[in-house]
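See structure below.
Side chains included, hydrogens not; waters and symmetry mates left out as well; all remaining heavy atoms used. Atoms within a ligand are numbered from 1 in the order they appear, just like the ligands themselves.
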Amino acid sequence: MALLITNACINCDMCLPECPNQAIDEGAKVYEIDPLRCTECVGFYEVATCVAVCPIDCIKPDPHYPETQTELLQKFKRLQMA
Ligand code: SF4
Ligand code: SF4
């Protein structure tokens, strides 16, 4: 499941440089995650690094993009080949 940044985001920029998939952008109002690039860090880390660094815990699972661990790993592999 891709992750989602809620409107509580304070645009602190802690998460953006930490994303191994370049899935995070500044966005119009708050930072945003591209669901086509977010693998929940599967393939890189044991935990979602953006969640680990966010000081206000405003990054949540995106219910619109349900994915299994296997699908996330396949997405990781696709992104590596692109
Ligand atoms: S969970 Fe990982 S891949 Fe997804 S946006 Fe956060 S840092 Fe990037
Ligand atoms: S770390 Fe959290 S508060 Fe900071 S920009 Fe990212 S989502 Fe927003």
Side-chain angles (χ1 to χ4, degrees):
M1 187 178 292
L3 300 188
L4 171 73
I5 296 174
T6 72
N7 286 334
C9 170
I10 56 172
N11 301 325
C12 74
D13 200 46
M14 292 288 285
C15 57
L16 189 152
E18 299 297 333
C19 178
N21 285 319
Q22 291 82 46
I24 303 176
D25 278 312
E26 292 183 11
K29 290 186 177 174
V30 295
Y31 278 47
E32 296 175 349
I33 292 174
D34 179 351
L36 300 181
R37 296 194 65 86
C38 175
T39 64
E40 287 188 51
C41 288
V42 167
F44 289 100
Y45 308 124
E46 293 295 317
V47 297
T49 190
C50 58
V51 174
V53 300
C54 179
I56 62 163
D57 193 25
C58 70
I59 306 176
K60 308 294 180 186
D62 187 339
H64 295 107
Y65 294 93
E67 292 164 300
T68 65
Q69 287 295 111
T70 302
E71 288 170 331
L72 289 169
L73 192 56
Q74 288 169 345
K75 188 197 283 188
F76 162 75
K77 290 176 179 172
R78 275 199 310 274
L79 288 168
Q80 292 303 300
M81 289 190 299

Note to self: As an exercise, identify every atom of ligand 1 less than 4.0 angstrom from a heavy atom of A48.
What the structure shows: 1 (S)
Next item on the list: Identify which protein N/O/S atoms are less than 2.8 Å from atom 4 (Fe) of ligand 2.
Entry: C12 SG
Check: How close does the nearest protein non-hydrogen atom get to atom 4 (Fe) of ligand 1, and which residue and atom is it?
Finding: C38 SG, 2.3 Å
Next item on the list: Please report the closest heavy-atom contact between I59 and I33, naming both atoms and the distance.
Entry: CG2-CD1, 4.0 Å
Notebook entry, point to check: Under a 4.5 Å side-chain heavy-atom rule over Ile, Leu, Val, Met, Phe, Trp and Tyr, are I24 and L4 clustered together?
Noted result: no
Check: Going by the order shown, which atoms of ligand 1 are within less than 4.0 Å of some heavy atom of T49?
Finding: 7 (S)
Notebook entry, point to check: Among protein heavy atoms, which sits nearest to atom 2 (Fe) of ligand 1, and what does the distance come to when rounded to 0.1 Å?
Noted result: C41 SG, 2.3 Å
Note to self: Return the closest protein heavy atom for atom 3 (S) of ligand 1 as residue, atom name and distance.
What the structure shows: N21 ND2, 3.4 Å
Check: For ligand 1, which atoms, with element, lie under 4.0 Å from some heavy atom of T39?
Finding: 3 (S)
Note to self: My understanding is that only residues two or more places apart in sequence, or in another chain, count here; which of them pass side chain to side chain donor-acceptor pair (under 3.5 Å) with N11?
What the structure shows: none
Notebook entry, point to check: Within a strict 4.5 Å, meaning less than it, do heavy atoms of the K29 and N7 side chains meet?
Noted result: no
Notebook entry, point to check: With a 4.5 Å limit on heavy-atom distance, are the side chains of C19 and T49 in contact?
Noted result: no
Next item on the list: Output every pair passing salt bridge (charged side-chain N to carboxylate O under 4.0 Å, His left out) with a member in residues 48-76, not counting sequence neighbours, ordered by first then second residue.
Entry: D57-K60, E67-K75
Check: If Ile, Leu, Val, Met, Phe, Trp and Tyr residues are connected whenever their side-chain heavy atoms lie under 4.5 Å apart, and connections chain through other members, are Y45 and L3 in the same group?
Finding: no
Check: Partners of F44 by ring pair (Phe, Tyr, Trp, His ring centres under 6.0 Å), sequence neighbours excluded?
Finding: F76
Check: Among protein heavy atoms, which lies nearest atom 6 (Fe) of ligand 1, and at what distance?
Finding: C50 SG, 2.3 Å
Note to self: Donor-acceptor pair, distance only, cut-off 3.5 Å: does the side chain of D34 make one with the backbone of L36?
What the structure shows: yes
Check: Of the protein's non-hydrogen atoms, which lies at the shortest distance from atom 8 (Fe) of ligand 1, and what is that distance?
Finding: C19 SG, 2.3 Å
Notebook entry, point to check: When hydrophobic residues are tied together by side-chain contacts of less than 4.5 Å, even through go-betweens, does Y65 share a cluster with L72?
Noted result: no
Notebook entry, point to check: Which ligand 1 atoms, with their elements, are less than 4.0 angstrom from a heavy-atom of L3?
Noted result: 1 (S)
Check: Any non-hydrogen atom of E18 lying under 4.0 Å from ligand 1?
Finding: no
Check: Against heavy atoms of I59, which atoms of ligand 2 measure under 4.0 Å?
Finding: 7 (S)
Next item on the list: Determine whether L16 and I10 fall in the same hydrophobic cluster, where Ile, Leu, Val, Met, Phe, Trp and Tyr are linked whenever their side-chain heavy atoms lie under 4.5 Å apart.
Entry: no
